[in-house]
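A short write-up of the structure that comes next.
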Amino acid sequence: NAGVTQTPKFQVLKTGQSMTLQCAQDMNHEYMSWYRQDPGMGLRLIHYSVGAGITDQGEVPNGYNVSRSTTEDFPLRLLSAAPSQTSVYFCASSRDRGVNTEAFFGQGTRLTVV
Amino acid sequence: AQSVTQPDIHITVSEGASLELRCNYSYGATPYLFWYVQSPGQGLQLLLKYFSGDTLVQGIKGFEAEFKRSQSSFNLRKPSVHWSDAAEYFCAVDTGGGADGLTFGKGTHLIIQP
């Protein structure tokens with residue numbers, strides 16, 4: 001039972017480069033989301049999805065794109081990386097919303113933009 | 001809008017001593033509250049959660065937390081810390097349940113002295 005799997009674990013990008021952070025879950029969860037973690041800022045929601053084909057913006061969506069073509073996968077795309085996107089990125093999933101719902105997190109992707 | 005405040009950025013505790021990490025939240029309705037732990041280089045692990053009922057909740061690794069509605073607090077406690085408890089601790093409030101509804105505090109970094 002792998003849970004939520006993120007790849008890669010580490011990445012260094014040059015300013016202006018593009019890349020996709022991968023997130024996959026094997027729990028058949030409908031809800032998936034991306035957070036970024038910055039020192040002294042906690043985790044902030046970037047984008048989320050409530051099911052295949054449905055995505056929406058979170059608190060800090062600028063500079064990021066997402067899509068949800070399958071229940072299992074929720075990739076996060078940086079089209080033109082900027083130093084301000086240097087962060088640790090976490091993907092999360094949950095079965096649904098409401099009482100007794102637990103969110104499961106991946107191990108994180110540490111991204112550095114130079 | 002909901003918010004979470006963790007007043008202590010860093011806390012240093014001697015091994016074997018007791019621990020209390022503070023968390024205050026702001027939310028208009030009955031909150032769903034969580035404590036997560038992030039060990040160095042790891043993802044987020046759920047320690048415990050409060051949805052309703054008994055205001056003292058037990059979690060994993062010997063942690064407990066008490067919900068006090070009058071003080072809008074959800075402080076995390078452990079009677080005797082171990083060196084392996086050194087980590088970053090995040091309090092979160094969930095306004096809708098699920099992977100996309102979490103608002104995190106900025107975290108408290110726990111240092112354990114031998």
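Just so you know, these numbers come straight off a predicted model, no measurement behind them. In what follows, chains are A, B, ... by sequence order, proteins preceding strands, each numbered from 1.
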Taking the six-membered ring for Trp, are A:F104 and A:H29 parallel (under 30°), tilted (30 to 60°) or perpendicular (over 60°)? tilted
B:L44 portion near chain A, given a 4.5 angstrom heavy-atom threshold: both
Turns out that what part of B:Q45 lies under 4.5 Å from chain A's heavy atoms comes down to neither
Using only non-hydrogen atoms and a strict under-4.5 angstrom cutoff, which residues of residues 38-47 of chain A touch chain B? A:G40, A:M41, A:G42, A:L43, A:L45
Quick check against the 3.5 Å criterion: does A:T71 have a side-chain atom that pairs as donor or acceptor with the backbone of A:A52? no
Considering all heavy atoms, the nearest [X]-[Y] contact:
X: B:W35; Y: B:F74; result: NE1-O, 2.8 Å
X: B:S18; Y: B:V13; result: O-CG1, 3.6 Å
X: A:W34; Y: A:F74; result: NE1-O, 2.7 Å

Which atoms of A:Q37 approach chain B - backbone, side chain, both or neither, heavy atom under 4.5 Å: side chain
Knowing that exactly one of B:N75, B:D8, B:T108 qualifies, which makes a side chain to side chain donor-acceptor pair (under 3.5 Å) with B:R22? B:D8
For B:T55 and B:R69, which I'm curious about, is there any donor-acceptor pair between the side chains at under 3.5 Å? no
